[in-house]
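Computed from a prediction, not measured in an experiment: that's the story for all the values here. Reminder, nothing fancy here: chain letters follow the sequence lines and each chain counts from 1. Any value given below was found using the heavy atoms of this structure, including those in side chains, with hydrogens, waters and symmetry copies removed.
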Protein chains: 2
Amino acid sequence: MATSMKTARKSAAANELDDGKTAADGTVASAADRVSETILQGIRAGAFVPGQHLLEPDLTRRLGISRGSLREALKHLAAAGIVTLNRFRGAYISTLDRKSVLDLLDTLEPLARLGARLAAENCGTDAQRKRMQVAAANIDAATRERNRGLYLDRRRQFYDAMIDIGGNMELARAMPLSRTDLFRAQVETIQTERQRMLHASGYAKITKAIVENDPVSADKAVKKHFDGTRKTIHELPPHAFPSLEI
Amino acid sequence: MATSMKTARKSAAANELDDGKTAADGTVASAADRVSETILQGIRAGAFVPGQHLLEPDLTRRLGISRGSLREALKHLAAAGIVTLNRFRGAYISTLDRKSVLDLLDTLEPLARLGARLAAENCGTDAQRKRMQVAAANIDAATRERNRGLYLDRRRQFYDAMIDIGGNMELARAMPLSRTDLFRAQVETIQTERQRMLHASGYAKITKAIVENDPVSADKAVKKHFDGTRKTIHELPPHAFPSLEI
DNA sequence: CACACGAAATCGTCGAACGATATTGACGGA
DNA sequence: TCCGTCAATATCGTTCGACGATTTCGTGTG
């Protein structure tokens, strides 16, 4: 298992990172940051699967960066819980069992509710309302297209918009969104169509409450959203949560 | 300013880190982890102050580690918001303004309340009750001793105990405790004696609710604790929050 | 077939090096 | 005297090569 992009590329054995690309704020991202983002993106797109072993020589060659920069990136991802580092055994994409996922939901929920309340209180300009509505529409479109990578990207963008508008930047740091990407990537391929649609529809309700500047409804919509996700998790079959020990 | 440990040591120009020390679970900590912990500890103890410039050559010499390991550690701390990295200008201990602190409190509060509820639900054994009571008593003792470094260490241990007992390890990852250490270190020297005592007394009330397995009271006690802290922040003079731009 | 042994693979850490950028201070002209 | 320009320095970002430590795995032996 887990050798999807293994043989995909052979020539041009370097740099599939967006070299020296600016990071939204004009500053160029460091090599390690680009690696982190590439791996995260790879997880969302399904190129990296939970449990997969990340080999340093392989990655340095494929990404065209030095071992030092790669190790910085892996360290960063390990701190975020995206990869697990085993001394002398290497890095693995983390695997979440059912309890971890439920714990993650318990942790994320109050933060998401806070974020939604703040966004609802703070969504004052037309540009902000537009941004939320576009983000929600994008999620909806990706859901209908059944494009899993796109869906996870846009889900992330939705949260980013909500947090931005809310204006509490500490929240952006604390919310375990990357770890949630991991869990979503693990679940996305297994859940039923109905569960997928149900989950996607939650974002529209949250958006509605936010653009109407209704913090109470926004809070409630997020709560319902999480309750639904919990229900889905309970319904998932055991094989959705690999038990293979690291 | 901020050169306390500068001249303290002259010979044995290396390794004030606990070499190869085990990290509670038997595994030896990596060099970068030891550096992170040393810097964090230095912040709590006051050896590093917000705004201080961290020079790589200086730190590698003082800590006795390579530049690569140091940079891994700085990257980690930057991700946690403890230090700020400026491209080609180096690393600085982060500085929190009043809004950031209030945002941090808003973010931390729901997580702390969740942690307290879980701990209250889960505090079943005598050992667990004992651990909470000892942690609370330790905070109290450090407060009376007016030992700021000790107080911050034990405050951290209190939260660790609460989270451990609660059993939700995602919470441990998400709670911005290190960033709170930063804010506490910034505030600790400025707040009045009354404010200090008031804050410290909150932990006893939280502990009481937890050992009595009363989640509702635990939640309420944490809420009151945070309300008190917010009040303190509002009362603090402007000079408690450096505005010197990085 | 179980077990010991050794080779290969991989990781953790270090040291040196080079280019890129910010900061600093000197210099000269208005 | 003051201010702008330019070179020197300090520091960072990144890469490369090297060494020891540890795990993993294949092989030979009893």
Side-chain angles (χ1 to χ4, degrees), chain A residues 2-3 6 13-23 25-38 51-79 83-93 244-246, chain B residues 13-23 25-39 51-79 83-93 244-246:
Chain A
T3 57
K6 203 68 155 202
N15 244 330
E16 55 198 53
L17 297 83
D18 46 350
D19 273 334
K21 226 28 197 310
T22 62
D25 60 344
T27 64
V28 296
S30 75
D33 289 338
R34 295 196 309 267
V35 173
S36 297
E37 198 40 58
T38 300
Q52 179 170 350
H53 193 180
L54 301 177
L55 300 175
E56 289 187 3
D58 182 35
L59 283 179
T60 54
R61 242 176 298 124
R62 290 214 326 248
L63 302 179
I65 44 121
S66 75
R67 229 182 116 208
S69 298
L70 174 64
R71 283 177 51 75
E72 275 188 22
L74 290 178
K75 202 87 184 178
H76 180 185
L77 292 172
V83 307
T84 305
L85 295 179
N86 295 81
R87 193 177 171 85
F88 299 119
R89 286 202 297 160
Y92 296 79
I93 305 286
L244 37 117
E245 204 40 68
I246 39 181
Chain B
N15 243 331
E16 55 198 51
L17 297 83
D18 46 351
D19 275 334
K21 225 28 197 307
T22 62
D25 60 344
T27 65
V28 298
S30 77
D33 290 339
R34 296 196 308 268
V35 174
S36 297
E37 198 40 59
T38 301
I39 293 180
Q52 179 171 352
H53 193 179
L54 302 178
L55 300 176
E56 289 186 2
D58 182 36
L59 283 180
T60 54
R61 242 177 299 124
R62 290 211 330 244
L63 302 179
I65 44 117
S66 76
R67 226 182 119 208
S69 299
L70 175 63
R71 283 177 52 75
E72 275 187 22
L74 290 178
K75 201 90 183 176
H76 180 185
L77 292 172
V83 308
T84 304
L85 295 179
N86 294 82
R87 193 176 172 85
F88 299 118
R89 285 203 298 162
Y92 296 78
I93 305 286
L244 36 117
E245 204 39 65
I246 37 182

Exam field: side chain B:R71 to backbone A:E72, donor-acceptor pair closer than 3.5 Å
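A pair under 3.5 Å: no.
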Least distance between heavy atoms, [X] atom then [Y] atom:
| X | Y | value |
| --- | --- | --- |
| B:S36 | B:H76 | OG-ND1, 3.7 Å |
| B:A29 | B:D33 | CB-CB, 4.2 Å |
| B:I65 | B:A31 | CG2-CB, 4.2 Å |
| A:S30 | B:K75 | OG-NZ, 2.9 Å |
| A:L74 | A:V83 | O-CG2, 3.6 Å |
| B:H53 | B:R89 | NE2-O, 3.0 Å |

Please report the interatomic distance [atom1]([X]) to [atom2]([Y]), rounded to the nearest 0.5 Å.
| X | Y | atom1 | atom2 | result |
| --- | --- | --- | --- | --- |
| B:L77 | B:I93 | CG | CD1 | 8.0 Å |
| B:L70 | B:L54 | CG | CG | 8.5 Å |
| A:R61 | A:L55 | CZ | CG | 9.0 Å |

Base, backbone or nothing for each nucleotide of nucleotides 13-23 of chain D, written B, S, -, heavy atoms under 4.0 angstrom, 5' to 3'?
BBB--B--BSS
First and last nucleotide of DNA chain C touching chain A, 5' to 3', heavy-atom cut-off 4.0 Å?
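First and last nucleotides in contact are C:dT10 to C:dT13.
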Could you give the angle between the helix axes at the two ends of the helix from C:dC1-D:dG30 to C:dA30-D:dT1, with five pairs per end, rounded to 10 degrees?
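Angle reported: 10°, given to the nearest ten degrees.
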Need one value for B:L74: base, sugar-phosphate or nothing, where a base atom within 4.0 Å counts as base even if backbone is also close, heavy atoms only.
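It contacts nothing in the nucleic acid.
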